[in-house]
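Worksheet for the structure shown next.
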Amino acid sequence: MLTTVKSRQLTFIQAITDGMRTMLKERKEVVILGEDVGRNGGVFRATDGLQEEFGEKRVFDTPLSESGLMGASIGMALNGLLPIAEIQFLGFIYPAYEQIMTHATRMRYRSKGVFTVPLVIRAPYGAGVRAPEIHSDSAEALFTHMPGIKVVCPSTPYDAKGLLIAAVEDPDPVLFLEPLHSYRSIRGDVPEEKYTVEIGKGQRVQEGEDVTLIAWGAMMPVVLKAAAEAAKAGIACDVIDLRTLYPLDKDIIAESVQKTGRCVIVHEAHATGGLSNDILSIINDTSFLYMRAPIERVTGADVHVPFWALEEHYLPTPSRVKAAIRKVVHF
Amino acid sequence: MLTTVKSRQLTFIQAITDGMRTMLKERKEVVILGEDVGRNGGVFRATDGLQEEFGEKRVFDTPLSESGLMGASIGMALNGLLPIAEIQFLGFIYPAYEQIMTHATRMRYRSKGVFTVPLVIRAPYGAGVRAPEIHSDSAEALFTHMPGIKVVCPSTPYDAKGLLIAAVEDPDPVLFLEPLHSYRSIRGDVPEEKYTVEIGKGQRVQEGEDVTLIAWGAMMPVVLKAAAEAAKAGIACDVIDLRTLYPLDKDIIAESVQKTGRCVIVHEAHATGGLSNDILSIINDTSFLYMRAPIERVTGADVHVPFWALEEHYLPTPSRVKAAIRKVVHF
Amino acid sequence: MAAKVISTPLLSEHKINVHFPVQQVVNHQGQLVDPVYESAINEELAQTFYRQLVRMRTLDRKAKSLQRQGRLGTYPPFEGQEAAQVGSALALEADDWMFPTYRDHAASITFGKSYGILSSWNGRVEGNLPPAGKKILPPSVPIATQLPLAAGAAMAAKFKGSSEAVIAYFGDGATSEGDFHEGLNFASVYQAPVVFFNQNNGYAISLPIHKQMNSETIVQKAVAYDIPGVRLDGNDIFAVYFQTKKALERARNGGGPTLIEAITWRYGAHTTADDPSKYRDQQESEERREYDPVTRLEHFIKRNGYGDDAWMDSVQIEASEEIEEAVKEMESMPPPDINDMYDFIFAAPTWTIAEHKQQYLKHLQEEE
Amino acid sequence: MAAKVISTPLLSEHKINVHFPVQQVVNHQGQLVDPVYESAINEELAQTFYRQLVRMRTLDRKAKSLQRQGRLGTYPPFEGQEAAQVGSALALEADDWMFPTYRDHAASITFGKSYGILSSWNGRVEGNLPPAGKKILPPSVPIATQLPLAAGAAMAAKFKGSSEAVIAYFGDGATSEGDFHEGLNFASVYQAPVVFFNQNNGYAISLPIHKQMNSETIVQKAVAYDIPGVRLDGNDIFAVYFQTKKALERARNGGGPTLIEAITWRYGAHTTADDPSKYRDQQESEERREYDPVTRLEHFIKRNGYGDDAWMDSVQIEASEEIEEAVKEMESMPPPDINDMYDFIFAAPTWTIAEHKQQYLKHLQEEE
Ligand SMILES: Cc1ncc(C[n+]2csc(CCOP(=O)(O)OP(=O)(O)O)c2C)c(N)n1
Ligand SMILES: Cc1ncc(C[n+]2csc(CCOP(=O)(O)OP(=O)(O)O)c2C)c(N)n1
Ligand SMILES: [Mg+2]
Ligand SMILES: [Mg+2]
């Protein structure tokens with residue numbers, strides 16, 4: 001028997017909308033809330049049309065109040081709903097940090113599982129779209145460090161829908177990071193049906209023997225470009241898209257670096273305290289004897305994302321990644 | 001000519017009080033504010049007697065409002081004062097995270113140095129004193145990752161006073177972490193006069209050739225105990241007290257591991273995203289070829305500090321550190 | 001019924017002085033002062049109130065004594081606030097939600113938690129667990145953070161069309177936090193069925209209310225959200241009970257949230273680790289016993305012939321026995337389970353947690 | 001002078017309906033309606049107001065046009081709000097502090113910033129810099145966070161015994177944030193010399209005010225802090241100017257903070273990236289031009305013979321020339337300096353920053 005899966009080309013952001021629509025249909029407990037998500041359909045249009053389709057009860061605007069939004073979402077999750085709360089930009093999650101850290105992440109442990117918080121927090125992150133300050137932060141490490149919340153960050157439309165659905169179905173809080181730079185610049189095949197991408201699993205997007213490249217989200221196109229150029233120079237890269245930032249896919253990392261013995265990690269966030277260092281520690285713990293060169297990290301500097309006239313100098317570029325590849329290969 | 005420096009034995013917390021008193025005398029712009037810091041002298045008595053001595057204008061209570069406290073302190077710093085703001089426990093800094101991340105740390109860069117925030121934030125941190133939940137968090141990594149704020153954490157009364165004074169004199173925001181477990185359990189010689197300990201410099205507290213032990217704050221006594229026991233087993237530890245958590249003292253770390261080729265890092269905070277991984281990255285960058293064994297990390301697990309009946313099982317112990325030392329030595 | 005709202009002359013050109021009179025049903029001498037409630041009060045109600053007040057005071061005193069003996073960790077006593085907590089908790093329906101703080105054990109127990117709640121002050125997470133199906137949240141430690149949660153739980157109740165209402169407790173100090181504001185704003189915007197029950201006990205640790213806020217009352221903050229505000233004598237269990245019931249009914253009937261300010265007092269320390277004489281005159285504090293919630297109810301009961309000294313003694317004896325029993329039970333709890341530390345972070349442990357657990361358990365074994 | 005505060009009857013048993021009348025000096029037809037201010041108004045004042053309003057409107061329109069031409073990035077227009085910003089900024093003393101938002105360029109420029117402020121919308125940090133010694137903070141992007149800062153700056157002014165006062169701007173949406181509450185509470189507790197100047201322009205991006213809050217006005221939130229509240233016609237520059245001056249004087253004289261609600265309107269989009277027709281009727285928005293702040297002042301000036309069409313034309317020409325000049329200057333700015341990214345995080349770069357800088361500059365060189 002042959003089953004055909006219907007799919008269509010969607011932009012990254014359309015895939016996210018599609019994921020939300022799928023779950024609004026699937027589970028009557030799903031509600032979407034946040035600043036401007038209702039009539040306006042979100043400042044990026046991620047929730048465009050959803051209020052019209054599902055009504056104001058399911059998809060609604062909140063006051064300009066991130067702590068209130070987060071606290072109320074946690075309260076709704078405690079009382080049987082499955083909220084998807086949008087934070088307009090990741091840099092505006094800081095006022096909600098308290099609610100996330102003291103309640104979303106701790107309710108299960110402090111009640112031995114009696115009270116739980118099945119909550120999805122969606123937030124666009126990252127630089128490169130000429131936004132004002134604070135709008136371009138990559139603050140994932142503030143969430144991966146603290147127990148009780150999972151963090152995912154897709155780089156393709158397919159993964160965006162699949163991870164979003166997995167996040168809604170996860171019984172615990174999930175921070176769903178959206179590379180805003182990819183919203184409209186990336187398209188891909190997305191099945192119409194419901195499917196999930198497993199949280200905690202990375203993906204090898206290109207096979208190679210010489211160097212492991214590890215990245216996620218908006219850095220994937222950068223890394224793939226560098227890999228393509230490296231290929232021309234005869235260097236074969238094993239490219240890993242992590243997809244989940246906590247818990248990291250230890251196995252895929254270890255397997256790859258044990259093969260290549262060399263590794264370049266790329267992210268937008270600041271170097272100190274960035275996730276590259278967590279990856280380093282996985283490599284230290286699993287693959288010490290395999291490493292043939294120090295690991296190279298291509299990251300944002302330990303400075304704020306600058307005002308946008310300079311942001312291109314903040315962000316990792318294919319050229320910087322290529323230089324790092326050269327460095328680990330020629331060590 | 002002989003100069004004698006008068007000093008006396010103080011507890012850790014007395015040294016902090018002494019540092020504040022010194023700066024209240026030295027600079028009329030210094031003000032101390034926070035919840036219960038005035039008449040009550042702080043819940044741990046760190047500001048005991050200071051309001052009586054310097055008056056309600058210099059040392060005053062604030063409403064129960066961490067974001068207000070932090071925002072107002074930043075505003076005062078903008079307008080010429082040198083505030084020392086107390087957060088009652090580090091776990092209650094989360095509501096102030098927004099103010100710290102969007103203003104304290106960014107005012108200088110967004111104004112090219114026209115407006116600056118010479119602010120000290122004091123906060124007791126850590127577990128082991130049978131406190132209720134949230135009171136025992138070690139959240140230093142949330143601050144070391146983000147640009148624009150320095151983080152220090154003394155382990156001795158001498159360093160506590162010296163680093164506090166350096167923090168007040170620093171032209172930028174400094175988070176001053178106080179190992180609350182050490183408040184009364186640690187005593188030491190503290191000069192009466194004003195002196196500073198340089199921010200950004202660690203200290204070798206024990207010389208050894210076999211293994212580097214790196215820790216800070218409340219973990220120092222734990223590490224020293226393990227080092228003493230290791231010595232009995234013939235293992236000589238090079239023990240480093242980092243003292244400053246951002247910027248880390250790269251040189252002292254590199255120098256030590258290049259000598260020993262083996263390293264154990266100890267901290268209370270969770271493993272994922274903990275500062276141990278930053279230290280790993282320094283070692284990766286500076287000392288790859290020197291390392292003779294994978295680095296061992298003895299840290300809090302990726303779980304919340306448990307309710308206190310179990311906290312002894314969360315905290316690193318000399319026994320766990322000793323086991324890690326054995327492991328790196330016998331690799 | 002008399003108008004409950006009086007506007008007094010303006011204080012300054014641009015300042016409005018709002019006045020919310022203090023609601024009282026029974027005064028401190030045990031006299032009924034609001035005849036409206038006469039028909040709603042009977043012997044059974046008075047005796048129920050009394051039994052629970054005595055239990056709670058006995059429990060609190062027991063806890064303090066256990067703490068002094070080193071059998072309990074740091075503990076936040078509530079003596080003086082029993083009427084506010086018991087009266088409001090008794091006003092709830094079985095299906096309602098409660099969001100208490102660390103000081104609200106009397107409310108939590110009255111609404112169904114066991115005395116085992118005390119074990120949380122021995123660092124036992126088990127103290128946080130309600131009886132099956134009972135929607136009593138673990139006490140909120142970070143101040144005011146429970147208020148947006150309560151708003152959200154109430155929004156969900158409305159969403160589901162259930163008849164659940166929500167009560168959230170908080171102190172005078174909590175009103176300074178942003179979460180107080182954001183919680184009340186959310187509840188008012190969505191007209192969520194929640195009662196924000198403030199216990200104004202005059203202090204937040206060492207800070208007296210007049211340094212916490214510039215406003216004379218807490219209730220006037222209701223004006224900011226245009227929601228009903230009620231100021232009442234929190235040591236008068238009848239006022240507490242009837243006004244909370246009314247607010248809960250309004251909430252259930254779509255009337256949205258209410259802010260209640262219950263004026264009360266803690267006689268003792270903030271917690272057993274605190275020395276109140278550092279920041280206030282404890283002699284004066286003791287003088288407030290004239291307005292004590294338990295004594296007041298005794299006066300009322302005697303006045304109305306609902307009970308005599310012998311009956312009161314029997315209530316006390318029963319309470320003491322019950323609590324001794326509960327303490328025994330608490331002290332024979334099995335030791336804490338190390339697995340609890342790892343097993344309730346997520347529904348299923350991530351590999352990092354599983355690894356940390358395995359490593360640590362192995363280490364413990366090897367240590368032996 | 002007439003009493004400014006009227007209490008209307010209570011809405012429900014426990015609800016107080018406070019009423020702050022809308023202060024107006026000149027109505028939308030340009031008629032003086034509050035004779036109290038007659039003697040304080042003269043030709044010079046009216047002309048000063050007018051010149052600045054025209055400049056600001058011209059600047060805003062120029063910015064929108066530059067944005068459409070791709071010569072400026074995303075930009076948040078303020079057309080409609082000129083009187084609120086200009087009137088309040090002119091009420092300040094030279095030594096005062098200003099904490100503006102991203103939409104408050106008219107206030108910032110009126111108080112002394114250069115038109116170069118626009119360059120910040122080309123991602124240039126230079127747009128944030130005030131003239132030497134001028135205490136105009138960079139615009140606050142994270143909503144409401146500037147309010148506790150303003151309270152703190154005012155506390156410091158009081159501490160130093162200086163005569164500085166502080167003004168902080170914020171929108172209707174900002175009132176929902178915890179920082180609004182914490183900032184006002186701090187200012188009221190310490191009676192700090194600060195004016196919280198709210199521009200109620202009806203919307204926070206797409207959210208209309210009646211979904212932002214359950215209260216009918218913003219000014220009534222002053223009751224929560226027991227501070228003076230003033231509600232005024234924000235399109236009436238005279239009302240704005242005189243009331244702000246009064247509030248600033250009160251602040252300077254130890255009278256503490258004031259909350260001002262200036263009712264105004266933004267005709268256009270939230271920012272140039274926003275499509276307002278998605279969430280409101282733009283035709284209705286245009287109809288509000290009947291209450292326009294600039295037209296109103298024109299009516300007033302003509303009515304009083306303070307200027308004729310020719311004079312107004314000359315003002316417009318002058319403003320246009322001035323702004324064309326400023327745009328030229330902005331567009332001939334030297335390119336941004338990469339060093340700026342590294343050199344202003346700390347007074348002296350830490351080693352990690354120094355290393356990142358050195359590595360990156362080296363990489364750039366090698367790339368060439
Ligand atoms: C966010 C936060 N900041 C500080 C504390 C420390 N703290 C515990 S109780 C308390 C005072 C609370 O006062 P109030 O709200 O009046 O309640 P009460 O203790 O009087 O019942 C403080 C400051 C905390 N628990 N949470
Ligand atoms: C903390 C935070 N959350 C969200 C945003 C995104 N945002 C920018 S402007 C705005 C609306 C502000 O509305 P209002 O306070 O009324 O000011 P206005 O834009 O009308 O001048 C929002 C939600 C932000 N800048 N900061
Ligand atoms: Mg209190
Ligand atoms: Mg607005």
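Please read these numbers as outputs of a predicted model, since none were measured by experiment. Reckoned from all heavy atoms, side chains included, excluding hydrogens, waters and symmetry mates. All chains are named by letter (A, B, ...) in the order of the sequence lines, taking the proteins before the strands, and each is independently numbered beginning at 1.
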Using heavy-atom distances under 4.5 Å, tell me whether D:Val125 contacts chain B through its side chain, its backbone, both, or neither. both
Donor-acceptor side-chain pairing of B:Gln99 and D:Asp179 below 3.5 angstrom: yes
Side chains of D:Ser120 and D:Tyr102: do they bring a donor and an acceptor to under 3.5 Å? no
Does this structure show an ion pair linking D:Asp96 with D:Arg252, if we count only N-O contacts that are shorter than 4.0 Å? yes
Where on B:Ser73 is there a heavy atom nearer than 4.5 Å to chain D: the side chain, the backbone, both, or neither? neither
Chain B contacts, top residue of D:His181, D:Glu126, D:Glu182, D:Gln146 (heavy-atom pairs, under 4.5 Å): D:Glu182
Using a strict threshold of under 4.0 Å (side-chain N to carboxylate O), is an ion pair present between B:Glu255 and B:Lys259? no
Test B:Leu175 against every option in B:Ile93, B:Leu245, B:Ile100 by the side-chain contact (heavy atoms from CB on, under 4.5 Å) rule and name the one that passes. B:Ile93
Contact part of D:Ala150 toward chain B, heavy-atom cut-off under 4.5 Å: side chain, backbone, both or neither? neither
Ring pair (Phe, Tyr, Trp, His ring centres under 6.0 Å) with B:Tyr109: which residues, sequence neighbours excluded? A:His304, A:Phe307
Identify which part of D:Ala132 has an atom lying under 4.5 Å from any heavy atom of chain B, answering side chain, backbone, both or neither. neither
Structural part of B:Leu69 lying under 4.5 Å from a heavy atom of chain D: both
Heavy-atom pairs under 4.5 Å with chain B: which of D:Pro142, D:Ala151, D:Ala192, D:Ser140 has the most? D:Pro142
Relative to chain D, which segment of B:Met107 carries a heavy atom at a distance below 4.5 Å: side chain, backbone, both, or neither? side chain
Ranked by heavy-atom pairs below 4.5 Å to chain B, first place among D:Leu137, D:Val141, D:Asn128 goes to D:Leu137
In terms of heavy-atom proximity below 4.5 Å to chain D, should B:Asn79 be classed as side chain, backbone, both, or neither? both
Does any backbone or side-chain atom of B:Ile282 lie under 4.5 Å from a heavy atom of chain D? Answer side chain, backbone, both or neither. side chain
Cation-pi check for D:Phe346 against B:Lys150: NZ or CZ below 6.0 Å from the six-membered ring centre and within 45 degrees of the axis, yes or no? yes
Which atoms of B:Thr62 come close to chain D, meaning under 4.5 Å heavy atom to heavy atom: side chain ones, backbone ones, both, or neither? both
Mutual orientation of the aromatic rings belonging to D:Trp97 and B:Phe115 [parallel < 30°, tilted 30-60°, perpendicular > 60°]: tilted
Considering only NZ, NE, NH1 and NH2 on the basic side and carboxylate oxygens on the acidic side, decide whether D:Asp340 and B:Lys112 come within less than 4.0 Å. yes
What part of B:Asp285 is in contact with chain D, defined as an atom under 4.5 angstrom from a non-hydrogen atom: side chain, backbone, both or neither? neither
Which portion of B:Leu78 sits near chain D, non-hydrogen atoms under 4.5 angstrom: both
With a 4.5 angstrom heavy-atom cut-off, is it the side chain or the backbone of D:Glu355 that approaches chain B, or both, or neither? side chain
Side chain, backbone, both or neither of D:Glu164 within contact of chain B (heavy atoms, under 4.5 Å): side chain
Please look at D:Leu129 and chain B and tell me whether the side chain, the backbone, both or neither of the residue comes under 4.5 angstrom of a heavy atom of that chain. side chain
Thinking salt bridges, do D:Lys357 and D:Asp343 make one under a 4.0 Å N-O criterion? yes
Any idea how D:Tyr342 and D:Tyr360 line up, ring-wise: parallel (<30°), tilted (30 to 60°), or perpendicular (>60°)? tilted
Part of B:Pro63 lying under 4.5 Å from any heavy atom of chain D: both
Do the two ring centres, one from D:Phe186 and one from D:Tyr225, sit under 6.0 Å apart? no
Could you tell me which portion of D:Leu184 (side chain, backbone, both or neither) has an atom closer than 4.5 angstrom to a non-hydrogen atom of chain B? neither
